[in-house]
There are 2 protein chains.
Amino acid sequence: MGIKAELNRQQILETADGLFYRQGYDHTSFTDIADAVGIARGNFYYYFKTKDEILSAVISKRSENARQTLQEWDKEFPDARDRLKRYIQTLTQHKDAIEQYGCPLGSLCTEMAKLQHSQQDDANKLFEIFRNWLVEQFSLLGHKNDAVQLALHLQARTQGVALVTNAYRDQAFLQNEAKDLEDWVDQL
Amino acid sequence: MGIKAELNRQQILETADGLFYRQGYDHTSFTDIADAVGIARGNFYYYFKTKDEILSAVISKRSENARQTLQEWDKEFPDARDRLKRYIQTLTQHKDAIEQYGCPLGSLCTEMAKLQHSQQDDANKLFEIFRNWLVEQFSLLGHKNDAVQLALHLQARTQGVALVTNAYRDQAFLQNEAKDLEDWVDQL
DNA sequence: GTCTATATACGGATAGAC
DNA sequence: GTCTATCCGTATATAGAC
């Protein structure tokens, strides 16, 4: 594959990723993606043979990004408590997008479940990357026995905040809950 | 409208409601509903002229059901604390459905947001029925100043639990969180 | 690598016989 | 009230010229 093809492939992936997030996977057509990228619909199939293939590539890309982000946090914050706080701050960091479109991970998992899509498990594994990392952090803080429970709890809290913020278009609520969660981490 | 028409209309509504919940609104076709009810696709339009009209009727029906349920809880439980616990027990009550399909309200609001659907506000109002009722209960418990905040908090927690339970197919987590929430209500 | 043209299926929606 | 037949738009996907 040439350098130009690789560039276009990446561009298609990024565009598709954004559209899947904002419009949902099922509701996004090839035409939507092609128009946004600026290539012809027909040329599309040179890069991806099926829509599922694009989804697969998008999920892979998101997984890579997730792993890289978590690795960076590991390097940046020596204290597990600070890492957990950084995780929570993702909410405030993306508050505008969350208000409009919810959480990209959570809404994808929800949609895959409804569609009974074959890549439902792949989407959930993306979710698990964060969960496993959270388990690690809680373990480091001495919560050996209930690390999994705490990780799931935090993940559920953030998902709930994202969903409610999106439904009510209420950023103030997001800010309040983010603060509560940071306090909760402090008091662990 | 005759008695037979009214019966069929109700049957279509209930079937559509269930399919919208399990498959999502956008992903459910007239064919799906017609097949499930057992009537011809063409006959469908005798009852509902557009797909949006079915959605509108489904949301209205869900609203009525919600108001009725909350009214029953008000009668059954004189103590606001018991009412809040009953609300939380909805999670365990519907644990099988939540595991498979998530929360019918939350997932509908999420989908309406992605589709930028004209009835997004109507779906959110359904969400608000519960929020306003929760505000009332927290107010009755003496939390005049932070009743809204507490109501949103509880709603977000339940939504987060439903989403995560659905993604991980983990009923044990749902049970744990439901217990934690009941304890939280006790300690208010 | 990129384009146009097109095959094919399915979606919502309508018309009209019965 | 119920059915069949059909219109029309859009979706995925393919073929093949350039």
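Within every chain, numbering begins at 1; the chains are lettered A, B, ... in the order of the sequence lines, protein sequences first and strands thereafter.
Side chains of Q159(A) and Q155(A): a donor-acceptor N/O pair is absent below 3.5 angstrom, by distance only. Counting only N and O atoms by type, the side chains of H153(A) and N176(B) include no donor and acceptor under 3.5 Å apart.
Rounded to an integer number of Å, the gap from NE2 of H27(B) to P of dA11(D) is 15 Å. What separates NZ of K51(B) from C1' of dC10(C) is a distance of 12 Å, to the nearest Å. Taking atom CD on E53(B) and atom P on dG12(C), their separation rounds to 14 Å, with Å as the unit. Distance CD1 (I39(A)) to P (dT4(C)): 12 Å, rounded to an integer number of Å. We find that OH of Y47(A) is positioned 6 Å from P of dG1(C), with the value rounded to whole Å. Across the protein-nucleic acid pair, Y46(B) atom OH and dT4(D) atom P stand 18 Å apart, rounded to whole Å. Rounded to whole Å, atom C1' of dA5(C) lies 15 Å from atom CG of N43(A). Straight-line distance from the CD1 atom of I33(A) to the P atom of dA13(D): 11 Å, rounded to whole Å.
Using cut-offs of 30° and 60° on the angle between ring planes, the pair Y21(B) and Y101(B) is perpendicular. Aromatic ring pairs are classed by plane angle as parallel below 30°, tilted from 30° to 60° and perpendicular above 60°; the pair F20(A) and Y25(A) is perpendicular.
Across all strands, Y45(A) comes closer than 4.0 Å to base atoms (heavy-atom distances).
Closest to the side chain of T31(A), out of dC3(C), dA11(D), dG1(D), is dA11(D).
Heavy-atom distances to DNA chain D give each of D32(A) and K49(A) a nearest nucleotide, and the one nearer the 5′ end belongs to D32(A).
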